[in-house]
Amino acid sequence: MHILIIGASRGLGLEFVAQYCAQGDAVTATARDEPGLERLRALGARPLQLDVADAASASGLAWPIDGEVFDTVIVNAGVFGPRTDGLQTPGEPDFDAVMHTNVLGPMRVLPQLVDALAPGARVAVISSRMGSMSLRGSSSGWLYRASKAALNSVLKDVSLVWAGKAICVALHPGWVRTDMGGAGADLEVPDAVADMRRTLALLKPADNGGFFNHDGQALAW
Ligand SMILES: NC(=O)c1ccc[n+]([C@@H]2O[C@H](COP(=O)([O-])OP(=O)(O)OC[C@H]3O[C@@H](n4cnc5c(N)ncnc54)[C@H](OP(=O)(O)O)[C@@H]3O)[C@@H](O)[C@H]2O)c1
């Protein structure tokens, strides 16, 4: 299998690289800086430098993957932004950073992959149930929530355009002990990633355009 992971310098992205490399898959993965690229190299992945929030960097993906065919693509890069509890209006720099990374980034990256997908390829964006409107019981981190709701919309559109060509899903990794999730989170990184890999492997064509928990349970938008 040939796997592409976007945003893999640490946390869930780096663990996806480690687990796919360990099972013998060919992995291409991106990081923004040299230490991140070195971590990918050390795991045996092909490292590419890419910042999804930078137009020139993100639009440069098509060239290094020209001629490649991926069985699985995971768009993982994300930022949380301000840790708010109520309705604190975000400043424009925070708004731009979160929306550019979590929404514009996938809108830049995904269209470039259209000719690099194996038949029936699995394409996942790492979303969050914090982006679900029907499951929502709190407004904490409302900028992040808005960005993941928008990401879910982006994924749905990709699933419509690529129907019959790829199985495209949004995944919630669980609340995971990464830099973003914090030490008090529910899940260890290897367990969350193992779950998501299993869920991706078991996807059927009818799952195209769906939203799934790490363990494969369907989630409401
Ligand atoms: N952890 C959780 O509990 C949880 C729950 C729900 C959803 N998620 C989602 O899961 C994904 C991974 O999160 P994580 O917990 O592993 O977070 P993390 O440890 O903070 O890692 C975030 C990753 O995204 C990369 N990234 C950030 N901005 C980027 C940009 N502009 N271009 C390219 N890469 C960029 C980071 O690269 P740098 O090292 O260069 O910053 C890093 O590799 C995110 O989309 C997050 O929203 C996480």
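Order of appearance sets the numbers: ligands from 1, and atoms from 1 within every ligand.
- At distances below 3.5 Å, not a single donor-acceptor pair connects side-chain atoms of T28 with backbone N or O atoms of R46.
- In terms of heavy atoms, L200 sits closest to I74 at CD1-CD1, 3.8 Å.
- Counting the atoms of ligand 1 from 1 in the order shown, those under 4.0 Å from a heavy atom of G11 are 16 (O), 19 (O).
- When only non-hydrogen protein atoms are considered, atom 12 (C) of ligand 1 lies nearest to N76 OD1, 3.2 Å.
- Close contacts of ligand 1 with A53, meaning ligand atoms under 4.0 Å from a residue heavy atom, involve 31 (N).
- The option with the heavy atom closest to atom 16 (O) of ligand 1, from among D186, I74, L12, V176, is L12.
- At a heavy-atom distance under 4.0 Å, only side-chain atoms of K148, from C-beta outward, approach ligand 1.
- When heavy-atom distances to ligand 1 are checked against a 4.0 Å cut-off, P173 comes that close only through its side chain, counted from C-beta outward.
- Contact between G174 and ligand 1 is present, with at least one heavy atom of the residue lying under 4.0 Å from the ligand.
- The residue from S9, P106, G13 that puts a heavy atom closest to atom 38 (P) of ligand 1 is S9.
- Using modelled atom types, no side-chain atom of R108 and backbone atom of S57 make a donor-acceptor pair closer than 3.5 Å.
- The closest approach between any non-hydrogen atom of D33 and ligand 1 is not below 4.0 Å.
- The aromatic rings of F211 and W221 lie parallel to each other, their planes meeting at an angle below 30°, with 60° marking the opposite boundary.
- Of the candidates G131, A185, A77, the one placing a heavy atom closest to atom 25 (C) of ligand 1 is A77.
- Near V79, meaning under 4.0 Å from any of its heavy atoms, are these atoms of ligand 1: 27 (C), 28 (N).
- When every heavy atom of P82 is checked against every heavy atom of D94, the shortest pair comes out as CG-OD2, 3.4 Å.
- With respect to atom 10 (O) of ligand 1, the closest heavy atom belonging to the protein is I126 CG2, 3.1 Å.
- Comparing heavy-atom distances from atom 28 (N) of ligand 1 across L171, V98, T101, I6 singles out T101 as nearest.
- Below 4.0 Å from some heavy atom of D179 lie the following atoms of ligand 1, by number and element: 19 (O).
- Among all heavy-atom pairs drawn from A118 and D71, the shortest one is CB-OD1, 3.5 Å.
- Formation of a donor-acceptor pair under 3.5 Å by the T101 side chain with backbone atoms of V98 is not found in this model.
- Between the side chain of R122 and the main chain of I167, no donor-acceptor pair closer than 3.5 Å is present.
- Although no hydrogens or angles enter the test, the distance criterion places no donor-acceptor pair under 3.5 Å between the side chain of K165 and the main chain of A121.
- Contact annotation: for Y144 versus ligand 1, heavy atoms closer than 4.0 Å belong to the side chain alone.
- One distance of note links CG of L37 with OG of S9; it measures 9.0 Å at 0.5 Å rounding.
- Between L50 and ligand 1 there is a heavy-atom distance shorter than 4.0 Å.
- Checking side-chain atoms of Q112 against main-chain N and O of A58 turns up a donor-acceptor pair under 3.5 Å.
- In V52, the parts holding a heavy atom less than 4.0 Å from any atom of ligand 1 are both the side chain and the backbone.
- When the heavy-atom distances from atom 14 (P) of ligand 1 to D54, V109, T178 are ranked, the shortest goes to T178.
- Here the shortest heavy-atom distance to atom 23 (C) of ligand 1, taken over G78, A97, G182, G105, belongs to G78.
- Close contacts between ligand 1 and W175 involve ligand atoms 3 (O) [criterion: under 4.0 Å to a heavy atom].
- Residue-to-ligand polar distances keep S128 apart from ligand 1: every N/O pair is separated by 3.5 Å or more.
- Less than 4.0 angstrom separates some heavy atom of G181 from each of these atoms of ligand 1: 1 (N), 3 (O).
- A donor-acceptor pair shorter than 3.5 Å cannot be found between the side chains of Q23 and Q19.
- In this structure, the protein non-hydrogen atom closest to atom 41 (O) of ligand 1 is R32 NH2, 2.7 Å.
- Heavy-atom proximity to D51, at under 4.0 Å, picks out these atoms of ligand 1: 30 (C), 31 (N), 32 (N).
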